[in-house]
Amino acid sequence: MPTPPAPTPTPSPSALAPPRGAPRGRARRVLLWTALMALLVVAQSLLVVLSLSYESGRAQDEAERVATLAAAEIKRELLRQAREVQSLAFLPATPAREAEAAVLLKARHGLERVEWRNDDFLLLQAQDTPFAPTLFAQMPRTALSTEAELACSAARIAGAPNFSRSYFVPLPGGQGSEVVDLCVPLPQQAGGGVLLGSFSLARVVEQVHSERLASGHELTLVEADGTRLARAGPGRGAGVFVSRQVLDLPGFSMQVRADSLRGRPSIVPNLITSLVVGLSLALFAVAALLARDGRRRAEAERALAEALALRRAMEDSLPTGLRARDLQGRVTYANPAFCAMVGFTQQQLLWPATRDAQTPSPEVQPYWPPEFVAEYRERQRQRLEGQGRHPNEAREGVETVFMRSSGERFPVMVYEAPLVDRDGQQTGWMGAVVDLSNQRRVEDLSRQQQERLQASARLATVGEMASLLSHELNQPLAAIASYASGSLNLIDDEAAAADPTLRPMLQQALQRIAEQADRAGRVIKSVHAFVRRREQQHESIGAEDLFEAVLPLVRLQARKSGTRIEVRLPAAPARLPSVRCDRTMVEQVLLNLSRNGIQAMEALPPGGEPGDRLLVLMAERAEDPRRVLFTVADQGPGIPPEVAARLFTPFFTTRAEGMGLGLSLCRTVAEQHGGALSFGPGLGPDGRGTAFRFTLPVARGGAEARPDPRPDPMSAPGESSDTAGPAELSSSRP
Ligand code: ADP
């Protein structure tokens, strides 16, 4: 059965090494990360700058707003107070006017003094605010009236109230105040003259400066040339966010300057900025974590890729076919070895390719031989239902038959194990498939070779057997001759002829002759079968039956040399089981070994102790409980090493009448029964003599050996009659 050559691709080194593009990929990753970090830095810096600039813009806008509002408010306040002062102009010079003026001076902060003057600007009446020290206490009014006079001239010309330029009025305590005068020309019908109201600019600004209007700002009134006239506010402005608004009054204009107390926004205390910075730091931290995460992921991916490459290389180079199937029995994976084994491509094997194939159902695989489809489907069905699966199936495998694409059937061994996913759920089966065709071929070859060897060995023994036959037949023929001559002697002996026991004795002798003739016939048959290597006539038999069968002949021989025979069998209850053997051949072995032992002891010098010549036939349990050990032991001179070396060589003998085939045959028979023939020192405590041992297999279900110590009717006088049975030691008289 030709097998398609299984592909054995060796894993390329690149398959196991990290991909070649790895350094370039790393450089690219480093570049990308650098770019990302640079962008982040730029973006974050821009964000900080923008937030600072936004802060600045807001502060500047706030200053603008404060300046505008303050200018409007100051103007409104001054004009309102101017209107109230103007209302005094129409009152006659009565105490009521004084009272009215006092109310006004009390109610309005900023209005410091009211004066009535005539057309020559001479003071007629003056009233000061009750809150502040008298304006002109430090320096007389006459020294400070220039601006007021100029304003009055302009007011008279315009016929409308007019403000003077501001001028500095020193106050007690080294202080001073910028003051503007409002000059209201009085109508001629009321006597003419002017009404002067003096306003302290500082008070007016203080009055206007409120939490709502200008918190966080210093409000300053300045002249066009920058001279500070008055200020209000919780502190000095920082001079960074400054706004100026022109304040136009009739006859006088100045600027309102709002100066934020805040300096340039700095990064640290600023809320938005710190928020932005915090966010940026968080962003960088996230980016760093992401980078670390990315690096770990890249490492894991690389390890995974390496593991995958290794797995693929292993799967591709495996000579074993690998095949995965889902729970419906459809093939979901097949490695190259499996494809090569069955001769189908992966596309032909894998689901869903098989769905479109000719097969009637997807679980039927193209490599199933059609004649087995029903059986395999049934097996698969049972497996899917969880039946018929032996837990050892994965380990021991199941032998089955697959079909190549060429239609050739071939034996395979399938080791199938459940495929379990990460959650412990079974998703299918993973099978390793081994093509057994090569193994089978090798086994066939070896069997054929062994048979050929055996045949030639048997042929070689044919010659051996031919000689053996004559050798083995010698014994029964000698026994026949011996019984026959004994019978003749009896008939010839007249005295004996008259003996009434003659007839039964003759009968027994003739029976023995018939037995020995029959035995000779069996020997011929058995040797014939041995040469033809026919199935041997194995039967189940007890050890004592075997002994019993050979004992008459053994005793016959033993009697001549005065050898005692002892049969040893285990006593009850440790009875021996029956053995399974070719009875005739085993009897032959026992006979040969016994005869050799007796002959060896014949070589001993005559005389000696009565127990010197003892032959023991023993059967016992072997170490392997499936076998029974047989021993034939003598107390002869033992076997010298030079003889031991050639003991089993056919035709090796030390005896003049020997043929040197007995032991060779014994060994062959022992081996045919699955054992071996060995020898060692004798059983006695001094190790005298030789013990030959061989084992026979216990008969399957063999009954315990039956202890049946039947008396041997042929026991000649002087022979032991207790030849078998549980006796550990039975003696025989010589
Ligand atoms: P044969 O008995 O015809 O000589 P065997 O093969 O039975 O042939 O024996 C070969 C030789 O082994 C014998 O000639 C003898 O020298 C030696 N031998 C066999 N059995 C014994 C024994 N029990 N004690 C000593 N020598 C033995």
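All ligand and atom numbering here is 1-based and tracks the order in the structure. Keep in mind that the numbers below use all heavy atoms, side chains included, and drop hydrogens, waters and symmetry copies.
At a heavy-atom cutoff of 4.0 Å, ligand 1 is surrounded by R595, N596, G597, A600, D634, G638, I639, L647, F652, T653, T654, R655, G658, M659, G660, L661, G662, L663, T690, F692.
A donor and an acceptor atom, one from each side chain of T400 and Y376, are located under 3.5 Å apart.
For the atom pair H538 NE2 and Q672 CD, the distance stands at 7.5 Å (nearest 0.5 Å). With values rounded to the nearest 0.5 angstrom, C581 atom SG is found 7.0 Å from F630 atom CZ.
With H673 contributing its side chain and D582 its backbone, the two residues share a donor-acceptor pair below 3.5 Å. Not one N or O on the side chain of D634 forms a donor-acceptor pair closer than 3.5 Å with the backbone of I598.
The existence of a salt bridge linking E416 and R323 is confirmed by a sub-4.0 Å separation between a basic side-chain nitrogen and an acidic carboxylate oxygen.
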